[in-house]
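Each remark here refers to the structure printed beneath this line.
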Amino acid sequence: MPNWLLPENIADVLPSEARKIEDLRRVFLDHFRLYGYELVMPPLLEYIESLLTGAGQDMNLRTFKLVDQISGRTMGVRADMTTQVARIDAHLLNRSSVTRLCYAGNVLHTKPSGLHATREPIQIGAEIYGHAGLEADAEIQELVIACLRLAGIEQVRLDLCHVGVLRAILETDPLAKQQENILFALLESKDIPSIKSVSEGFSPEVRRALQVLPTLYGDVSVITRARKELPNLGGVMSALSELEYLANLVGNDKVTIDLADLRGYHYHSGVMFSAFVPGLPNAVARGGRYDHVGEAFGRSRPATGFSLDLRELARLMPVAERKGAIRAPWSRDAGLLSKIAALRSEGEVVIQNLPGHENEQDEFDCNRVVVFDGEQWILQNVG
């Protein structure tokens, strides 16, 4: 096997793509700052007990594990940064006030999430801790849409769901509650025949509700249908009201409702959402409320947030134009070096040509050049 081959779904990031990714990262983090989010940098490795706390079985299967040569304990390479940030809020910062945190960094997955997905996403996200009201959920959803617009994407659709609907239904039937994991998978795949089979023996009201849930998908009118077709339970009606409130804030024409889109069901505690954009079959960003994750770190805090993969988002963007730059000759002349330093201090890209390589700047458009006019070094346009 050639020694330059990389593992499946692992790839180098070349200059043009790396520039797009880094530009997005900087723009997003600067925008988060405008909302009051503070940057944190969790470690790449953690003891597995801490890393997977509250993350669910799915995250366990996606996490690479290894043995720490110092302690002999099992460690994991993070597959998601959200629980790490929750740990920082609950255990290290330990604030009583509302806390807004953001992060950006590589994560690693044992298997790709999709057909062409990388196993090494570059995850960026933002989280709000300490406020249980829908105002926090609304801010996070506003932030997602704003970030995608900063990336040049105007057509954004939010797909909303709420874990409270299914949980309220299952709580009324102990037999159905025992089959929660199976039902969750079947609802997510909208497998109505299997739902009918598994739900034999459930109460008639619960069985009918489970078969209706996969059909409750579409525009905001789905909420009205759900109120009529689902059991009149307090938890169900409260969840539907929360979805209606958030849909109205975002704009009904930009929202779809899918009451069976339960990805992250065991992790989340309230509203969940996925952001879809033209050109990608899968969600470009996901988020929602997860109030109980901090409990395992000794402090339960209301929490909501979102994350997205910068590498996937960068693929939607056009090929970056070559950056304008200035070409300068190779010389140790004090005047030239002073001129180059002054230009760089102004934010200009100045490339000194190494001897024999005068016109080899593939990633830059050297449309200006530093030349000596007989008295001093000056800047001239090329062509």
Side-chain angles (χ1 to χ4, degrees), residues 23-40 81-82 85-86 89 97-104 123-164 219-220 222-223 238-258 261 263-264 267-280 282-291 293 301-310 312-313 316-317:
D23 286 347
L24 284 173
R25 188 189 69 85
R26 293 180 185 182
V27 167
F28 287 179
L29 290 179
D30 286 346
H31 194 69
F32 293 163
R33 185 70 178 173
L34 297 179
Y35 281 70
Y37 289 81
E38 300 171 273
L39 180 65
V40 292
M81 296 173 72
T82 310
V85 180
D89 170 73
S97 60
V98 170
T99 301
R100 292 173 170 87
L101 300 176
C102 61
Y103 54 90
Q123 189 180 52
I124 191 168
E127 319 289 333
I128 300 178
Y129 300 96
H131 185 71
L134 290 175
E135 297 85 358
D137 299 271
E139 180 176 310
I140 286 295
Q141 291 175 14
E142 175 188 330
L143 198 57
V144 171
I145 294 172
C147 283
L148 294 174
R149 285 177 177 163
L150 287 171
I153 301 173
E154 293 291 337
Q155 295 180 313
V156 182
R157 190 186 86 243
L158 285 190
D159 197 354
L160 302 183
C161 187
H162 200 302
V163 301
D219 60 29
V220 291
V222 165
I223 297 175
S238 175
L240 294 175
S241 295
E242 291 186 6
L243 290 174
E244 187 173 50
Y245 172 82
L246 292 170
N248 288 335
L249 287 182
V250 175
N252 292 345
D253 58 328
K254 301 173 184 175
V255 169
T256 54
I257 306 296
D258 186 355
D261 183 8
R263 183 189 295 262
Y267 173 77
H268 288 290
S269 60
V271 173
M272 302 184 295
F273 67 88
S274 305
F276 290 89
V277 299
L280 271 185
N282 301 316
V284 69
R286 291 188 182 273
R289 182 161 288 278
Y290 56 100
D291 292 344
V293 171
R301 288 259 280 174
T304 184
F306 85 97
S307 65
L308 59 80
D309 177 11
L310 288 174
E312 186 136 325
L313 183 59
L316 295 178
M317 301 175 67

Spatial distance of atom [atom1] ([X]) from atom [atom2] ([Y]) [nearest 0.5 Å]:
X	Y	atom1	atom2	answer
F306	I124	CZ	CD1	7.5 Å
H268	H162	NE2	NE2	12.0 Å
M272	D261	CE	CG	6.5 Å
Y245	L160	OH	CG	13.5 Å
I145	E154	CD1	CD	11.0 Å
C102	R33	SG	CZ	8.5 Å

[X] versus [Y]: any side-chain heavy-atom pair under 4.5 Å?
X	Y	result
S274	R286	yes
I128	V98	yes
D89	E127	no
L249	Q141	no
F276	T256	no

Please name the pair of heavy atoms, one in [X] and one in [Y], separated by the smallest distance, quoted to 0.1 Å.
X	Y	result
Y129	T82	OH-O, 4.1 Å
I257	V220	CG1-CA, 4.1 Å
A104	L39	N-CD1, 4.5 Å
F28	A151	CZ-CB, 4.3 Å
A126	L143	CB-CD2, 3.8 Å

Measure the acute angle between the ring planes of F32 and Y37, then classify it against the limits of 30° and 60° as parallel, tilted or perpendicular.
tilted
Main-chain N/O of [Y] paired to [X] side chain as donor or acceptor, under 3.5 Å:
X	Y	value
S269	D291	yes
T304	G288	yes
Q123	M81	yes

Pairs where residues 129-140 contributes a residue and the test salt bridge (Lys or Arg N to Asp or Glu O under 4.0 Å) is met, not counting sequence neighbours:
R100-E139, D137-R289
Residues at least two apart in sequence or cross-chain that pass side chain to side chain contact (heavy atoms under 4.5 Å, CB included) with L316, listed by chain then number, are I153, V277, L280, L313
Report the residue from N248, L246, L240 that forms a side-chain contact (heavy atoms from CB on, under 4.5 Å) with E244.
N248
